[in-house]
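Note sheet for the following structure.
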Amino acid sequence: MAKGWPEHLFLVGCGNMAGQMLNRWLDCGLDPSRVTVLRPSGGPVADGVDVVTTYPQALAHGTTVILGMKPYQVADVAAQLAPLCHAEVSMLSILAGTTLGDLRARFPATGDIVRAMPNLPVGMGQGVVALYTDAHTSPSGRANMEALLGPLGLSEWMADEALFNRVTALSGCGPAFLFRFVDALSRAGEAIGIPADQAARMAMATVQGAANMAAAAQVTPATLADQVASPGGMTREGLNVLDADDRLLTLMTETLEAARDRGEAMARGD
Ligand SMILES: NC(=O)C1=CN([C@@H]2O[C@H](COP(=O)(O)OP(=O)(O)OC[C@H]3O[C@@H](n4cnc5c(N)ncnc54)[C@H](O)[C@@H]3O)[C@@H](O)[C@H]2O)C=CC1
Ligand SMILES: O=C(O)[C@@H]1CCC=N1
């Protein structure tokens with residue numbers, strides 16, 4: 001590996017998620033001539049990146065394969081990709097609900113295999129990436145993956161793979177839940193009479209400013225909420241609605257549980 005980049009990067013699938021990862025790597029200096037993308041459409045990805053529609057004859061030593069297609073496609077992909085894999089090939093899988101054991105069984109000759117769960121803001125270097133591997137992966141293999149994922153944002157190893165679907169629910173799916181919240185804040189503003197376009201702009205800017213403030217603050221978001229709420233004032237009345245019977249906490253817990261349970265069902269092949 002030179003300057004933290006793999007010698008070769010072979011992406012199987014390059015849609016919303018893998019595309020954001022690749023964009024960030026290219027923005028951070030990855031040489032596009034090191035990258036090959038396999039995608040059925042054959043459509044271009046980025047200047048200098050080789051796009052193919054069929055598998056190559058072989059994968060060179062030092063290749064890192066990124067599995068970026070949909071989880072249900074893993075069997076079809078493995079049928080063609082596994083014979084090309086060997087001990088000098090590393091693999092990073094972003095397939096939701098696909099366990100490391102499943103990957104090892106489908107790609108038995110592969111060297112280091114790491115399971116990752118990124119989220120979409122990786123494209124801006126502000127993502128979250130959960131990671132998991134096992135003792136078959138070498139310390140240098142772990143370090144290489146950490147170097148590759150560093151430009152994407154916060155990455156953290158999970159000690160226990162059982163946590164993986166839970167952290168996927170929180171950070172992998174989390175952007176969608178926040179986007180839904182912004183949309184709801186905007187539409188609620190409209191519902192109480194604010195012009196729709198103004199409500200949309202103000203909801204977005206409020207969430208952006210508040211998220212940046214919370215990230216930089218020395219106190220918890222719960223304390224910050226109390227700092228907004230003047231005693232006897234408007235915010236407290238609003239918070240009382242969110243807090244009644246732990247309404248928001250219950251809603252978020254049920255949301256994460258549903259996402260987590262789907263990951264577990266996908267791992268069972270459902
Ligand atoms: N969208 C998200 O926020 C996140 C997605 N993921 C994971 O990323 C993976 C991809 O999801 P998205 O990017 O959202 O989906 P997508 O539909 O945008 O991308 C899938 C890509 O796979 C390609 N593809 C289809 N059939 C293929 C085949 N037989 N061989 C190789 N490539 C094939 C498609 O052309 C497309 O480029 C999934 O496994 C998902 O679990 C993980 C974290 C977050
Ligand atoms: O919806 C999914 O299955 C994937 C996993 C996290 C975000 N998207």
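All ligand and atom numbering here is 1-based and tracks the order in the structure.
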Sub-3.5 Å N/O-N/O distance, [X] and ligand 1:
X	value
M69	yes
K70	yes
A96	yes
Y55	no
P40	no
V12	no

Flag, side chain of [X] to backbone of [Y], donor-acceptor distance under 3.5 Å:
X	Y	answer
R166	R260	no
W5	L148	no
S171	V167	yes

Between [X] and [Y], does any side-chain N to carboxylate O distance fall below 4.0 Å?
X	Y	result
R268	D270	yes
D183	R187	yes
D112	R142	no

Do T253 and T250 have a side chain donor and acceptor closer than 3.5 Å?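 Result is no, nothing qualifies.
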Heavy atom under 4.0 Å from ligand 1: found in Q73's side chain, backbone, both, or neither?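 The part of Q73 near ligand 1 is the side chain, not the backbone.
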Which bit of C14 is near ligand 1, meaning a heavy atom under 4.0 Å away: side chain, backbone, both or neither?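 It is the backbone that gets close, since no side chain atom is under 4.0 Å.
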Heavy-atom side-chain proximity of [X] to [Y] below 4.5 angstrom:
X	Y	result
Q227	V219	yes
V45	R39	yes
R104	D134	yes

4.0 Å heavy-atom contact, D76 with ligand 1: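 No.
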With a 4.0 Å cut-off on heavy atoms, does P71 reach ligand 1?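 For ligand 1, residue contact (heavy atoms, under 4.0 Å) with P71 is present.
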Run the numbers for me: atoms of ligand 2, each under 4.0 Å from some heavy atom of G172, listed by number.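 Reading through ligand 2 atom by atom, the close ones are 6 (C), 7 (C).
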Heavy atom of protein inside 4.0 Å of atom 7 (C) of ligand 2, strictly below: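 Yes.
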T53, I94, T168: member with heavy atom nearest to atom 40 (C) of ligand 1: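 The nearest heavy atom belongs to I94.
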Atom 3 (O) of ligand 1 [closest protein heavy-atom partner, distance rounded to 0.1 Å]: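 Looking at atom 3 (O) of ligand 1, the protein heavy atom closest to it is L120 CG, 3.5 Å.
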Closest non-hydrogen protein atom to atom 2 (C) of ligand 2, residue and atom name please, with distance?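 Minimum-distance protein heavy atom for atom 2 (C) of ligand 2 reads A96 CB, 4.7 Å.
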